[in-house]
Structure formats: C-alpha cells, structure tokens
Amino acid sequence: MQMQWHAMRGFARDPSITKQKIKPGTVRRITGYARPYRLDLFLFLLAAALDAGVTVTYPVLLGVLIDRGILPRRPGFVLAIAGVVAGLAVFDAFLGVVQRYFSARVGEGLIYDLRTEVFGHVQQQPIAFFTRAQTGSLVSRLNSDVIGAQQALTSTLSSVVSSVLQLVLVLIFMFYFSWQITLAALVLIPLFLYPARRLGRRLQVLTRESMQLDAAMGSTMTERFNVAGAMLAKLYGRPRDEENLFSGRAGRVRDIGVLTALWGSGLFIALGLLATLSTSAVYGIGGIQVIDGTFKIGTLVALALLLSRLYAPITSLSNVQVNVMTALVSFDRVFEVLDLKPLIDEKPGAVNLARPADGLPGLAPQIDFDHVSFRYPSADEVSLASLESIALPGPEHADPNRMALTDVSFTAPAGKLTALVGPSGAGKTTITHLVSRLYDPTQGAVRIAGSDLRDVTLESLHDVVGVVTQDAHLFHDTIRSNLEYARPSATEQELILACQAAQIWELVASLPDGLDTVVGDRGYRLSGGEKQRIALARLLLKAPSVVVLDEATAHLDSESEAAVQRALRTALASRTSLVIAHRLSTIRGADQILVIDDGRVVERGQHADLLAAGGLYAELYRTQFAQQEPVGQST
C-alpha cells in the first residue's frame, strides 16, 4: 500500500518540473547535508533492501510449502516452512521499525538543519528584504520546501532502492518459474501505464488548482484573523460578506478535494484491476499447464503472488524522475534563500564597540556623520522575485540611482539630544537606520565613539544603540517576556524599576496578572500610549548609551503624549539621543536641531535661532502653531 501511494503521489506531481534548470553543484551541496547522517542512511537503506527481499521471499516459500510439504503430505516439512515464514514475519516487522526509526532520524534531522540555517540566514537580511518579501513565501520555504527537500533522502531514495531490488528479484524468480507466463504478464503493463498517465495528468491539474485554492483560503484566514483585519471587518459592518467570501473559497476547496479523491482513487482502481486481470491470466495459463502435468500447483500460486508484487515497483519507478526532480527543486529553492548574501555583514576581525558606564554624565559616545550619501538597494540586491507576490519596486526603490541622503555631515554631541525635523520623505528615518546599522552608507562613514560602524561587531553595536519606533512592536506574549527580550537576565526588581521609569508601572500593577498579562497580537490589548511606554521600559531595561527615537510620540493623544514625554526625560537623561519628531513642541528644548530636506541637512541650530533665521524650520513651525502661538512670542 505504501508503494502504491508513493506511485500515486508521483503521478500527481507536475511533470513540467523536470524541465526546470537545477543550479550546478546542487547535488554536491545535498551530499554535504546528508554526510552527518551517512551511517543512519546506510542502515535505513539496508533495512529497506532486506525488507524488499523478504517481501519477495513469501510467495516463493508458499510455493515450496505447497509442492514439497502439503501435496507430498510431509507435516514436518510443512511445520518447518511455516516456522520460517513466521520468523520472516517477525523479522519483517523489525525491519519496518528500523526503517521508520532511521527514516525519522534522517528526515527530521535534515529538516531541523535546513530550517535552523534558513531561519538564521533570513534573520541576517536587511530591513529592505522584509519590506519586499511576502511572509507566506518565506514560511513556505521553511515548511513545504524543506519537507520536500528531505524526501530526496528518505521517501524517494528508499522507494527507488526498494523498488529496484524488489523488481529485480521478482523478475528473476518469475522467469525462473515460467518465462512464458512472465512475458504475458509484462505485456499487460502498457495497458495500465497509458490510462494511469491520463489519470495522472488530470490529477496534476487538480493538485495545482487545489494548492492555489488552499493558498487563497489561507490568505483570507490570515488577513481576517489578525487584529487589524478583524477590526476593519467589524468597523465596516460586513460580517455577512466576509462569511460569504470565505464560504465560497472553502466550498471550492471542498469541491476540488472531492474531484482529487475521485481521480486519485482511479489510480488505485487501475492498479488493482491490472493485478486482477494479470492474476487471472496467470491462473488461466498456468492452471491448464498444471492440469497437463507440466506445471506444479505450488509454483503457480507462487507465480501469481509474485505477479502482485511486480506492478507497484514498476509504476513507482516510472515516476522516479518527477519525484527526484521535485525533491531537487525543493532543495534548490531552499539554497536560493541561503545564497542571498546579507547586505549588512560583520567583517572579519571586527572589534567590540566600547560601552560606557550607563548613567554617568559625559561618558555617552558621540555620533558622527562624515559626508554620508546613501541610496536604497535595488530589488535584485536584497530580495528574490520568487519571494514577492508582485515583484514591483517600492517607492523608495523606484529609481535605483536616486540618493536618499546626499553628503550629510553632522555631529550628535555626547550625552546631548539632537532632533531631526523636516517634511515627510526628507531622509530622517534613513539617518536613524544608518545609526543602528540597518543599512550601510553608500559613501562616507557613520561613527560612534570614533569607530566606523562597519568595523565593529553587530552584537556590541546593538548593545550600545537602543531604538524605539513610531509603531512599537510587542510580541503576542506577556509583558514580562516582551521586557525580557531586551535583557533575559533581568530580575523582577529591575523589571519593576524600568516600568516605573517609563511611567507604566501603575497600569501594569493594576492588571490582574501584572507582568504576566498577555498583551495580545501586536500588543492590541494595550492603547498606543501604553504600548509606547512598554517599549520605553524595554529600552530602559536594555540601558543603551545611544537612544534613537523615530517619532515615538506620533499619533498619541495629549494625555498619552504627556506620559510618554515624562518617560522620555528618564530615557534620554545622560544619553546621546537622536530624535525624530513631527510635533515640534516635543523638541523645542533640544541641544541641537537638524532640519532635513531632500536628503540634505539644510539648517542646524537651536529652536530660537532657527525661528529667527526664517527658513524651513520656521515655516514648519508656523504651519503647526500659527493658530496657537505667534512665532515672535515663541521661546
């Protein structure tokens, strides 16, 4: 039955996959992954080979039992052969356990190796990679493709070895017993393979359509089951339409599943029909020879049983090219991700960025931008077309030659607050990305404490630089776990102190589960201001000496903003700070304000000086505060 299922699976696979080009060296790389499991593989294939031999032995022993034991009435011989058959049955069961054990060791070990390597490699990719790659496609590489790849070393390989050995042994014994009957049986094979191919082509179409429908249904569930999607559906009051949409897609999956099962069963039926017809031919031709006395009845029974073991390996081997290529293509798709070089990499011999003693004035590092120019990488530099649902460039990648920053030079003094202001799309966020080394500059250098960020280890850099973004992300876990993400070794008291400094402990303490409260998907159980303060507590727990805030108070109500501002005073104290703010009221007391426009620093100074200069900063200020406060009265 297992071999029949493997045969049907081969017919269901798209034969066009054999036309795909496999990159040179793929097989050699696969061998490298299999090398740690070579002993397990050897024992697995040895068990599969022995199992195939035992499978062929049963019919032969039954024929011997009839001809030399039952018909001559030799009870001792009958009992001996029966004992051998029983022993082989026990041995065959043992072989089955051995096969399953070593198959699992090799298969699951390979899946583990590939998944962990792909996951670790993807984590090293730049942010631009994640802005382009479709999450579902990445997950598919870690699931479907990895599982498909391991089948090359388990299911497909064992099927080929077992099928070849079983086919050879069956044909040897059949030709030995009667070459005439064997040739007659082989003539019937094309009569099965032709309709099986027809059935297989139909099954391939259905399988491909089923995968597309499953993906569409899964996409519907993913989009509607996250908080944002569920909220949109409720706010627009369309639960009936949503139910009808899902019902329609689920219904198509149901219908295609019925058709797939129907056509798939046709392969089993055809194989069973062939076995029945060929067996009847064997009994018909052989039975006459038995009556004529030219053939023994035990041999006839053995021949019929051997025949039933002939067609499954033939059909399995007829699809071996598709099965092997399917596995190789899965490996190739996995290797495609592994071969994507990260744009941000740690150079050999990188040094640790010195971390000053936290909280001590004057010891926070200085940030220097030295004639920095930067363009966002093009799609082919950071992503794969096969990972994008629509491989079109994003707005920042529309022109690969467009510079997001041009000759930017400034110094963010140690322990001081430097604010970045300017119109949307001017390059403010790009500057903060360079400080945390999410990207490297195209030209020039970014330095912290005098060290070029490309010369320091990533771990030490992330230890020194802390970032809070506009939309603070929280994992679907407890408040405690989200805080400990910054410092897993933090004590209970340290967690409480961080929450108090972030002005959030009063809320956390009032919750029934306190720090063990689950925040929900993306922290949706908390308000925007509460999420921001949890993020600030996480930052304070990390205790970086450089703080980067990317519009951390944007989109907050007045009360939440006031609470976050109080938390910020603690977070920024004695630290070198780089803050983006659209609300200019939040940065009027900054030690230095840089006005960014079209990727350049067009103004710099303090609030009063920039207002007096009457440039872009004064214009932005008037836009926000014209109705509240005359410019001339500002301080």
Would you mind reporting whether Leu171 and Leu186 have side-chain heavy atoms less than 4.5 Å apart?
yes
Would you check if the side chain of Asn482 reaches a backbone N or O of Phe475 as a donor-acceptor pair within less than 3.5 Å?
yes
Any non-hydrogen side-chain atom of Ile181 less than 4.5 Å from a side-chain atom of Met174?
no
Should the heavy atoms of other residues, nucleotides or ligands under 6.0 Å from CZ of Arg100 be counted, would the total exceed 12?
no
Where Val98 and Ala47 come nearest, the two heavy atoms and their spacing
CG1-CB, 3.8 Å
Tell me the closest heavy-atom pair linking Phe173 and Val60, and the distance in Å.
CD2-CG2, 3.7 Å
Heavy atoms of other groups near Leu458 CG, more than 12 under 6.0 Å:
yes
Validation row: Phe177, Leu306 side chains within 4.5 angstrom (heavy atoms):
yes
What heavy-atom pair brings Ser162 and Ala48 nearest, and what distance separates the two atoms?
OG-O, 4.1 Å
Heavy-atom pair with the smallest gap, counting every atom of Ser163 and Pro313:
O-CB, 3.6 Å
Is any side-chain heavy atom of Leu259 closer than 4.5 Å to a side-chain heavy atom of Asp255?
no
Which value, rounded to the nearest 0.5 Å, describes the distance between Phe175 atom CZ and Leu303 atom CG?
11.0 Å
Would you confirm whether the ring centroid of Phe119 sits within less than 6.0 angstrom of the ring centroid of His121?
no
Ignoring hydrogens and geometry, is there a side-chain-to-backbone donor-acceptor pair from Gln166 to Arg309 under 3.5 Å?
yes
With a 4.5 Å heavy-atom cut-off, do Phe91 and Leu50 have their side chains touching?
yes
With the side chain counted from C-beta on, respond yes when Phe295 and Ile288 share a heavy-atom pair under 4.5 Å apart, and no when they do not.
no
Please examine the side chains of Tyr33 and Leu110, heavy atoms only from C-beta on, and report whether any two atoms are closer than 4.5 Å.
yes
Does Arg68, at its CZ atom, have more than 12 non-hydrogen atoms belonging to other residues, nucleotides or ligands within less than 6.0 Å?
no
How long is the straight-line distance from OG1 of Thr116 back to CD1 of Ile111, given to the nearest 0.5 Å?
11.5 Å
Can you name the salt bridge (charged side-chain N to carboxylate O under 4.0 Å, His left out) partners of Arg29, sequence neighbours left out?
Asp339
Rounding to 0.5 Å, atoms CD (Gln99) and CG (Leu46) come to a distance of 10.0 Å
What distance separates Leu88 CG from Leu61 CG, expressed to the nearest 0.5 Å?
6.0 Å
Neighbour count above 12 (heavy atom, 6.0 Å) for Tyr58 OH
yes
Between CZ on residue Phe102 and CG on residue Leu41, distance to nearest 0.5 Å:
10.5 Å
Closer than 3.5 angstrom, by distance alone: can the side chain of Thr294 be matched with the main-chain N or O of Gln289 as a donor-acceptor pair?
yes
Got Leu310 and Leu167 here, is their nearest side-chain heavy-atom distance under 4.5 Å?
yes
Can you confirm whether Glu459 is buried at CD, in the sense that more than 12 heavy atoms of other residues, nucleotides or ligands lie under 6.0 Å from that atom?
no
Exercise: identify the closest heavy-atom pair between Tyr283 and Val301
OH-CA, 4.3 Å
Please report the shortest heavy-atom distance between Val337 and Val118, naming the atom on each side.
CG1-CG1, 4.1 Å
Side chain Asp67, main chain Thr299, donor-acceptor under 3.5 Å:
yes
Tell me the side-chain hydrogen bond (donor to acceptor under 3.5 Å, both in side chains) pairs involving residues 37-55, sequence neighbours left out?
Tyr37-Asp113, Asp40-Arg105
OH/Tyr112: more than 12 non-hydrogen atoms of other groups inside 6.0 Å
no
Using the rule side chain to side chain contact (heavy atoms under 4.5 Å, CB included), only one of Leu165, Val160, Val161 pairs with Leu45; which is it?
Val161
CZ (Arg525) and NE2 (His476) are apart, to the nearest 0.5 Å, by 8.5 Å
